[in-house]
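Excluded from the calculations below are hydrogen atoms, water molecules and symmetry mates; all remaining heavy atoms, backbone and side chain alike, are included.
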Amino acid sequence: MNAPESPSAPAHFIRTRIARDLEDGLHTQVVTRFPPEPNGFLHIGHAKSIVLNFAMPTEFGGYTNLRFDDTNPAREEQRFIDSIKEDVAWLGYDWKNECYAPDYFETLYEYALHLIDHGLAYVDEQDADTIRAQRGTLTDAGVNSPFRDRPVAENRDLFQRMRAGGFADGAMVLRARIDMAAPNINLRDPVLYRIRREHHHRTGNDWCIYPSYDFAHGQSDAIEHITHSLCTLEFEDHRPLYDWLIEHLPVPSRPVQIEFSRLNIDFTVMSKRRLTRLVEEGHVSGWDDPRLPTIAGLRRRGFTPEAIRAFCTEIGVTKSESVIPFSELERHLREDLNVRAPRRMAVLRPLKLVLTNFPDAETEWLEAPNHPQNPDLGLRRVPMTREIFIERDDFMEQAPKKFFRLKPGGEVRLRNAFIIRCDEVIKNGDGEVIELRCSMDPETRSGQPGADRKVKGTIHWVSAEHAERAQVRLYDRLFGVPHPGGDRAVDFIEHLNDQSLEILADARLEPGLGEARPGQFFQFERMGYFVPDPDGRPGAPVFNRAVTLRDTWARLEKQLRG
RNA sequence: UGGGACGUCGCCAAGUUGGUUAAGGCACGGGGUUUUGAUCCCCGCAUUCGCAGGUUCGAGUCCUGCCGUCCCAGCCA
């Protein structure tokens, strides 16, 4: 069962086109494919493509294949195949067939012979540099290869011997015979097959010739009866070649290629080349580093499939290039988690607070709703004791007038408890505040008649005796500039934000949170949405902050400071 | 000095075959509710569609010219 697209799905040109094709009777169902090359992990840009490719058949009837487009033996690995399958499934999609381009190598070889027999392909014995030089430039036409008019029989013989392993790597290639003067460079006799003696993760050493992307992709689409082959804009120039091959080959169906713009997000990088560098050079902890826009990274960070899908749907599908703010992704996570994340209290940077009129050595269990708007999530009991921790940031000795939290002599409500007054500030020798002494107003205890007394602020807290210690990891954008790859003169690595990870070693959590496991999510009230990280162990929990709450105060405070 | 594509509010993005006042979301501003400065709820937010002409009773939608941005010269995908 595939995840439904959100009901607010806007109209877009691909949906319109498919609807029209169906109306025109071109197809009775829509068949798409998601065709990753297994040489890296999937990222949020792939998610956009995945959502599109799965949503169309779900909406109109039909199905989607997962096809590993691995025609280049040099760079593909099984672990990437495994991660891709895991990520697509996690996003909520079931593919109909799991396909591999190499499964079509035999058919593709026959197709190549077909082209040769019809005088549409030839074996070129020139080296790569010569072929490149002959290709011409953007403004000048190319020149014909001296091997271009080789007789069919000779081409056939040579190509068969290429396959049989009769020639060295790079000794010759098979080229389509189209037009060396074509304004579209892709049509200037593109290479269809090259010789590569490398072990392929799928076909082993069965082949020493491998088809190029252009020769493999469209034909694979046709073999799978793909009706709409959806890809990104950079393949627009390849469409004439895609169509040419489909037209001249005895393929079982005639797919069409439709291009849309790829997803860009600010303050991050999305190209596989750059992501690979970040991982291999150790700038991040791995493909699933929570700061990465990879699906695995986002998952570990705390993103939900629902939020990612909603994001991908809402940004739309067009042909215009756009850059979406990372904050837009975060907003969708908040929107999703706000309605379903259980609330908890956790103090990230603890400050000791003593309730001077609270009975010593006594524990009072207070009721706290798990969700302020949704009573179905139930209640829990949280322990209150004489000594508690509050957030350091919730106390200011020299507070500006709009500061609604604790200050000397001031009052504040303890969430789910009662109102307290700050009577005394205790400092150490360095003048650092190390403890607050406060008195509570018992009349204002939650559920009591006096509980409706209003104070400006409410802060969270945790019983010192009962709190669980945890490590909490806070994440910021990986790069310090909106377009890290934008300036080719500067290595994007230079733009890394060295503050992108902050580790808080001594956070204190409401009891029970230590047992939480990856896959669960919580709102730590007033602090954001947090998820357990797989690095955590029993007795030593680790939480990731997926995203903060909207923070109007932080904005106001910034303005006040100018 | 080639070819392909794109240009509607700060960011996305709808705009049927040209037809009255240019959807929606986000952001932003204002107000209300609130034991999360969260959530939620109201209200506001493009006389204008890259620019300049033209056709027309009427153009974001048609025509012409210009400007800007992106992609293409891998035996990568």
Side-chain angles (χ1 to χ4, degrees), chain A residues 8 10-12 16 35-37 39 69-72 74-75 124 126-128 131-133 135-142 169-175 182-188 190-196 209-210 212-214 216-217 231-240 259 261 266 272-273 314-325 327-328 331-332 334-335 338-339 343 345 368-369 371-373 402-405 412-419 444 446 451-460 523-528 548-557:
Chain A
S8 62
H12 57 65
T16 307
E37 182 192 13
N39 64 347
D69 216 6
D70 41 6
T71 54
N72 184 342
R75 31 195 245 182
D124 194 334
Q126 303 180 106
D127 62 30
I131 289 177
R132 182 180 312 121
R135 188 148 33 222
T137 68
L138 294 178
T139 51
D140 301 312
D169 286 15
M172 54 188 72
V173 292
L174 182 73
R175 292 227 260 167
N184 181 340
I185 294 180
N186 291 300
L187 262 18
R188 318 238 262 231
V191 170
L192 267 23
Y193 267 94
R194 67 273 204 183
I195 305 173
R196 283 272 173 85
I209 57 172
Y210 290 94
S212 63
Y213 164 84
D214 286 307
H217 200 95
C231 64
T232 43
L233 248 30
E234 66 270 26
F235 293 102
E236 228 160 2
D237 289 343
H238 292 247
R239 180 156 26 100
E259 313 85 14
S261 61
D266 63 8
K272 224 178 289 191
R273 196 202 113 241
E314 196 172 291
I315 56 177
V317 179
T318 68
K319 295 184 72 133
S320 53
E321 297 152 60
S322 55
V323 183
I324 314 287
S327 55
E328 195 64 8
R331 179 178 67 82
H332 280 283
R334 287 194 194 101
E335 228 161 67
N338 174 51
V339 298
R343 312 287 119 133
M345 293 195 286
H371 191 110
Q373 278 85 228
K402 295 253 182 156
F403 186 80
F404 298 156
R405 282 110 90 152
V412 79
R413 174 175 288 280
L414 292 179
R415 179 72 166 154
N416 301 127
F418 38 72
I419 293 173
T444 58
S446 292
D452 57 355
R453 209 186 111 200
K454 304 291 182 203
V455 283
K456 278 290 196 179
T458 297
I459 65 175
H460 58 280
Q523 185 197 99
F524 289 174
E525 287 193 282
R526 307 204 312 128
M527 301 310 284
T548 60
L549 257 31
R550 231 177 121 233
D551 193 348
T552 310
W553 165 244
R555 269 209 337 246
L556 221 188
E557 195 185 26

### Task
Report the C-alpha distance between A:Asn184 and A:His238 in whole Å, list the side-chain angles of each, state the deciding distance to 0.1 Å, and finish with yes or no for side chain to side chain contact (heavy atoms under 4.5 Å, CB included).
CA-CA 9 Å; A:Asn184 181 340; A:His238 292 247; over 6 Å; no

### Task
Compare side-chain N and O positions of A:Arg555 against OP1 and OP2 of B:G37 and report whether any pair is under 4.0 Å apart.
no

### Query
Do you know which two heavy atoms are closest between A:Leu549 and A:Gln523, and how far apart they sit?
CD1-NE2, 3.9 Å

### Task
Write down the distance separating the C1' atoms in B:C11 and B:A27, rounded off to the nearest Å.
7 Å

### Between C1' of B:A77 and CG of A:Asp237, the distance in whole Å
15 Å

### Message
Need one value for A:Asp127: base, sugar-phosphate or nothing, where a base atom within 4.0 Å counts as base even if backbone is also close, heavy atoms only.
### Response
base

### Query
Can you tell me how far C1' in B:A77 sits from the matching atom in B:U17, rounded to whole Å?
40 Å

### Query
Under a 4.5 Å cut-off applied to non-hydrogen side-chain atoms, are A:Ile419 and A:Val412 in contact?
no

### Query
With side chains defined as the heavy atoms from C-beta onward, is the minimum distance between A:Glu259 and A:Thr232 less than 4.5 Å?
no

### Query
How is A:His238 classified with respect to the nucleic acid when contacts are heavy atoms under 4.0 Å: base, sugar-phosphate, or nothing?
base

### Query
Is A:Arg194 near enough to B:A77 that one of its side-chain N or O atoms lies under 4.0 angstrom from OP1 or OP2?
yes

### Query
Atom CG of A:Asn416 to atom C1' of B:A38: distance rounded to whole Å?
14 Å

### Message
Check this for me: does the side-chain of A:Gln523 come within 3.5 Å of the base of B:U36 through a donor and an acceptor?
### Response
yes

#### Entry: d(CG, A:Asp69; P, B:C76) in whole Å
14 Å

#### Entry: Selection from B:U36, B:C6, B:C72 that lies nearest to any side-chain heavy atom of A:Leu138
B:C72

### Task
Taking the side chain as every heavy atom from C-beta outward, state whether A:Arg526 and A:Ile459 have any atom pair closer than 4.5 Å.
yes

### Query
Contact class for A:Val191 vs. all strands (heavy atom < 4.0 Å): base, sugar-phosphate, or nothing?
sugar-phosphate

### Task
Would you classify A:Gln373 as touching base, sugar-phosphate or nothing, given that sugar-phosphate means primed atoms plus P, OP1 and OP2, and contacts are heavy atoms under 4.0 Å?
base

### Task
Kindly say if A:Arg331 contacts the phosphate of B:C11, meaning a side-chain N or O under 4.0 Å from OP1 or OP2.
no

### Query
Roughly how far apart, to the nearest Å, are B:C76 and B:G54 at atom C1'?
48 Å

#### Entry: P gap between B:A22 and B:U16, integer Å
15 Å

### Task
In whole angstrom, give the distance that lies between atom CZ of A:Arg405 and atom C1' of B:A38.
12 Å

### Query
Would one find a side-chain N or O of A:Thr137 under 4.0 angstrom from OP1 or OP2 of B:G2?
no

### Task
Could you walk me through whether A:Asp69 and A:His217 pass the side chain to side chain contact (heavy atoms under 4.5 Å, CB included) test, one step at a time?
CA-CA 8 Å; A:Asp69 216 6; A:His217 200 95; 2.7 Å; yes

### Query
Expressed in whole Å, how much space separates the P atoms belonging to B:C67 and B:C12?
24 Å

#### Entry: NZ/NE/NH1/NH2 to OD/OE distance under 4.0 Å, A:Lys402 and A:Glu557
no

### Query
With a 3.5 Å cut-off and just heavy-atom distances, do the side chain of A:Arg334 and the base of B:U39 make a donor-acceptor pair?
no

### Task
Ignoring backbone atoms, establish whether A:Arg526 has a side-chain N or O less than 4.0 Å from OP1 or OP2 of B:G37.
yes

### Message
Below the 4.0 Å mark, does B:A5 have OP1 or OP2 next to a side-chain nitrogen or oxygen of A:Ser261?
### Response
no

### Task
Would you mind telling me which of B:A77, B:U36, B:C72 lies closest to the side-chain atoms of A:Leu549?
B:U36

### Task
Check every strand shown and say whether A:Ala417 touches a base, only sugar-phosphate, or nothing at a heavy-atom separation below 4.0 Å.
base

#### Entry: Sugar-phosphate, base or nothing in reach of A:Gln126, heavy atoms under 4.0 Å
base

### Query
Counting side-chain heavy atoms from C-beta on, which of B:G2, B:C6, B:A77 comes nearest to A:Ser212?
B:A77

### Task
Taking atom C1' in both B:G74 and B:G10, compute the distance separating them and give it to the nearest angstrom.
39 Å

### Query
Can you find a donor-acceptor N/O pair under 3.5 angstrom joining the side chain of A:Asn184 to the base of B:G4?
no

### Query
So what does A:Tyr193 touch, heavy atoms closer than 4.0 Å: a base, only the sugar-phosphate, or nothing?
nothing

### Task
Could you measure between the two P atoms, the one in B:U8 and the one in B:A52, and give it in whole Å?
16 Å

#### Entry: Upstream residue (5' side of RNA chain B) when A:Met172 and A:Phe403 are each assigned their closest nucleotide
A:Phe403

### Message
Let's see if you can work this out: which of B:U36, B:C76, B:G7 has an atom nearest to the side-chain heavy atoms of A:Arg196?
### Response
B:C76

### Message
For A:Thr444, is there any backbone N or O sitting under 3.5 Å from a side-chain donor or acceptor partner on A:Arg453?
### Response
no

### Task
Check every strand shown and say whether A:Lys402 touches a base, only sugar-phosphate, or nothing at a heavy-atom separation below 4.0 Å.
base

### Query
Over how many whole Å does the gap from A:Arg413 atom CZ to B:A38 atom C1' extend?
17 Å

### Summary
A:Pro372 has its side chain closest, among B:C12, B:A5, B:U36, to B:U36

### Query
Nearest-Å distance, CD (A:Glu314) to C1' (B:A27)?
12 Å

### Message
Can you tell whether the side chains of A:Asp124 and A:Arg175 come within less than 4.0 Å, N to carboxylate O?
### Response
yes

### Summary
Here the distance between atom P of B:U39 and atom CG of A:Asp551, to the nearest Å, is 10 Å

### Query
May A:Trp553 be described as stacking on the base of B:G37, applying a 5.5 Å centroid limit and a 30° limit on plane angle?
yes

### Query
Are A:Arg132 and B:C75 close enough that a side-chain N or O sits under 4.0 Å from OP1 or OP2?
no

### Earlier contact from the 5' end, RNA chain B, for A:Arg239 and A:Thr318
A:Arg239

### Query
Given B:G2, B:A13, B:C76, which nucleotide is nearest the side-chain atoms of A:Ser322?
B:A13

### Query
Looking only at atom P, what distance separates B:C62 and B:G18, rounded to whole Å?
8 Å

## Note on the structure
Here the distance between atom P of B:A73 and atom CD of A:Glu234, to the nearest Å, is 11 Å

### Query
Under 4.0 angstrom, heavy atoms only, what part of the nucleic acid is A:Val455 near: base, sugar-phosphate, or nothing?
nothing

### Task
Could you please name the partner base of B:C51, counting Watson-Crick and G-U wobble pairs only when both distances are under 3.5 Å?
B:G65

